[in-house]
Amino acid sequence: MTTDFAGEYDAMQRALALAASPGVPLHPNPRVGCVLLAPDGASVGEGFHQGAGTAHAEVAALRAAGDRAAGATAVVTLEPCNHTGRTGPCAQALIEAGVARVVIAQRDPNPVAQGGIEALTAAGVVVEQGLLEDDARALNRAWTFAHEHGRPFVTWKFATTLDGRSAAADGTSRWVSSPPARRDTHELRALCDTMLVGTGTVLVDDPQLTVRDDDERPLPEQPLRVVLGERDLPPTARVFDDAAPTVHLRGRDPRWALESLYRDHGRQHVFFEGGPTVAGAFLAAGVVDEVVVYIAPILLGAGLSTVGDLGITTITDALGFELVDTTVIGQGAEANVRLVLHPRGEEA
Ligand code: AOF
Ligand code: ZN
């Protein structure tokens with residue numbers, strides 16, 4: 001490796017780019033990159049984590065550097081781990097290789113892996129933390145959120161007419177959004193590790209809840225399908241086919257459901273496509289972290305609202321959101337507007 005970096009800032013940008021290498025999965029492990037710098041600023045080795053069960057970024061970089069790691073500065077996007085999980089502790093590997101300094105973007109929020117900074121410091125390694133931290137957190141947004149909150153990040157998606165309807169008065173709802181908008185939805189589903197709906201949606205719409213390609217075929221890697229609610233479901237429902245695993249959580253409390261998905265199923269990012277009742281419950285519980293809405297240029301005048309009663313009777317009590325992105329999806333008669341929103345006053 002002969003790349004010269006002007007400094008640790010440039011090296012961290014390189015480490016972040018390595019971490020975001022195409023093809024690296026978003027779950028269950030974070031994406032992590034590492035660059036080892038000699039005292040003159042030359043890179044002597046770099047590496048990135050390629051998914052659960054493979055070498056951590058620091059170990060990959062140490063392997064590339066060999067003997068040149070002694071006396072080097074390790075620039076790494078995440079605090080080196082101090083645990084033996086699927087692989088050994090990176091803090092110990094850095095100490096044994098004689099690394100003199102470690103520059104870290106983000107502290108590790110995962111309770112089982114934490115403690116690397118303390119271990120390195122105790123061994124006499126100089127540690128700095130916080131360089132490009134916001135970029136590192138954004139890179140592993142759902143992973144970071146899940147470990148910090150003890151529950152998955154929730155993206156609520158819905159499709160609506162211009163007048164806020166998700167179905168007509170006779171209950172028909174296929175399809176409010178256009179084919180390009182539905183393809184876009186499948187791309188967003190593929191970024192999550194969980195699909196969640198309420199029992200009402202399964203009983204009325206009988207969705208398969210899989211991620212499908214342009215030809216409507218399920219992709220090989222499927223998120224966990226979760227149905228929330230106390231009502232019984234017919235074993236013939238499409239969510240129980242063998243395209244993906246499915247969990248029926250027999251309860252109503254969104255927080256209880258999300259905490260169990262994190263604790264018992266290791267889930268980090270829920271794509272929530274609930275109907276009016278469950279959506280209302282999630283909003284009331286304050287567990288909608290992001291909203292993705294497809295607006296179709298049609299009017300119904302009557303029909304089912306996209307969200308049920310929130311107990312709001314006066315305009316000053318309205319739930320406010322911050323607009324993060326506006327994109328037109330599809331063209332001509334198929335054009336829908338996609339909005340991405342975050343709850344007001346919260347960074348996500
Ligand atoms: C690092 N470098 O490249 C990664 C780290 O079960 P394991 O052994 O794969 O460990 C997963 C946890 O280890 C993960 O949640 C995070 O806390 C840390 N991942 N740590 O120092 C890496 N991928
Ligand atoms: Zn590690």
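Throughout, residue positions are numbered sequentially from 1 according to the sequence presented. Each ligand, and each atom within it, is numbered from 1 in the order the structure gives.
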Which residue and atom name correspond to the protein heavy atom nearest atom 3 (O) of ligand 1, and how close is it? Ala57 N, 2.7 Å
Considering only heavy atoms, does Phe48 approach ligand 1 within less than 4.0 Å through its side chain, its backbone, both, or neither? neither
Ligand 1 to Pro80, heavy atom cutoff 4.0 Å, flagged ligand atoms 21 (O)
Is the closest heavy atom of Gln114 to ligand 1 under 4.0 Å? no
Identify the closest protein heavy atom to atom 8 (O) of ligand 1: which residue and atom is it, and at what distance? Arg86 N, 2.9 Å
Can you sort out which atoms of ligand 1 are near Glu79, meaning under 4.0 Å from one of its heavy atoms? 21 (O)
What distance do Arg137 atom CZ and Leu132 atom CG have between them, rounded to the nearest 0.5 Å? 14.0 Å
When Leu249, Val154, Thr194 are each screened for side-chain contact (heavy atoms from CB on, under 4.5 Å) with Leu258, the one that passes is Val154
The Zn ion (ligand 2) to nearest N/O/S of His83 less than 2.8 Å: no
Using a heavy-atom cut-off of under 4.0 Å, does the side chain or the backbone of Ala113 touch ligand 1, or both, or neither? side chain
Return the orientation label for the Trp143 and His147 ring planes: parallel under 30°, perpendicular over 60°, tilted otherwise. perpendicular
Do me a favour and list the nearest non-hydrogen protein atom to atom 16 (C) of ligand 1 with residue, atom name and distance? Asp108 OD2, 3.4 Å
Of Tyr262, Phe145, Phe153, which is the lone residue that meets ring-ring contact (aromatic ring centres under 6.0 Å, His included) with His269? Phe153
Identity and separation of the nearest protein heavy atom to atom 9 (O) of ligand 1: Asn29 ND2, 2.9 Å
Taking the Zn ion (ligand 2) as the apex, ND1 on His56 and SG on Cys90 give an angle, to 10°, of 110°
Hey, is Glu290 close enough to Arg141 for a salt bridge, meaning N to O under 4.0 Å? yes
May I ask you to list the atoms of ligand 1 that are less than 4.0 angstrom from any heavy atom of Glu58? 1 (C), 2 (N), 3 (O), 21 (O), 22 (C)
For Val197, does its backbone N or O pair with a side-chain atom of Thr201 as donor and acceptor, under 3.5 Å? no
State whether a side-chain donor-acceptor pair under 3.5 Å links Thr199 with Glu230. no
Atom 15 (O) of ligand 1: closest protein heavy atom, distance to 0.1 Å, is Asn110 ND2, 2.8 Å
Look at Arg238 together with Asp205 and state whether they make a salt bridge at an N to O cut-off of under 4.0 Å. no
Check whether any heavy atom of Ala52 sits under 4.0 Å from an atom of ligand 1. no
Side chains of Leu228 and Phe282 in contact at under 4.5 Å (non-hydrogen atoms): yes
To the nearest 0.1 Å, how far is atom 23 (N) of ligand 1 from its closest protein heavy atom, and which atom is that? His49 CD2, 3.2 Å
Distance from atom 20 (N) of ligand 1 to nearest protein heavy atom, with residue and atom: His56 ND1, 3.4 Å
Is the shortest side-chain heavy-atom distance between His49 and Thr77 below 4.5 Å? no
Tell me which part of Thr87 gets within contact of ligand 1: side chain, backbone, both or neither, using heavy atoms under 4.0 Å. both
Can you tell me which residue among Asp108, Ile104, Asn82, Val125 is in a side-chain contact (heavy atoms from CB on, under 4.5 Å) with Ile117? Ile104
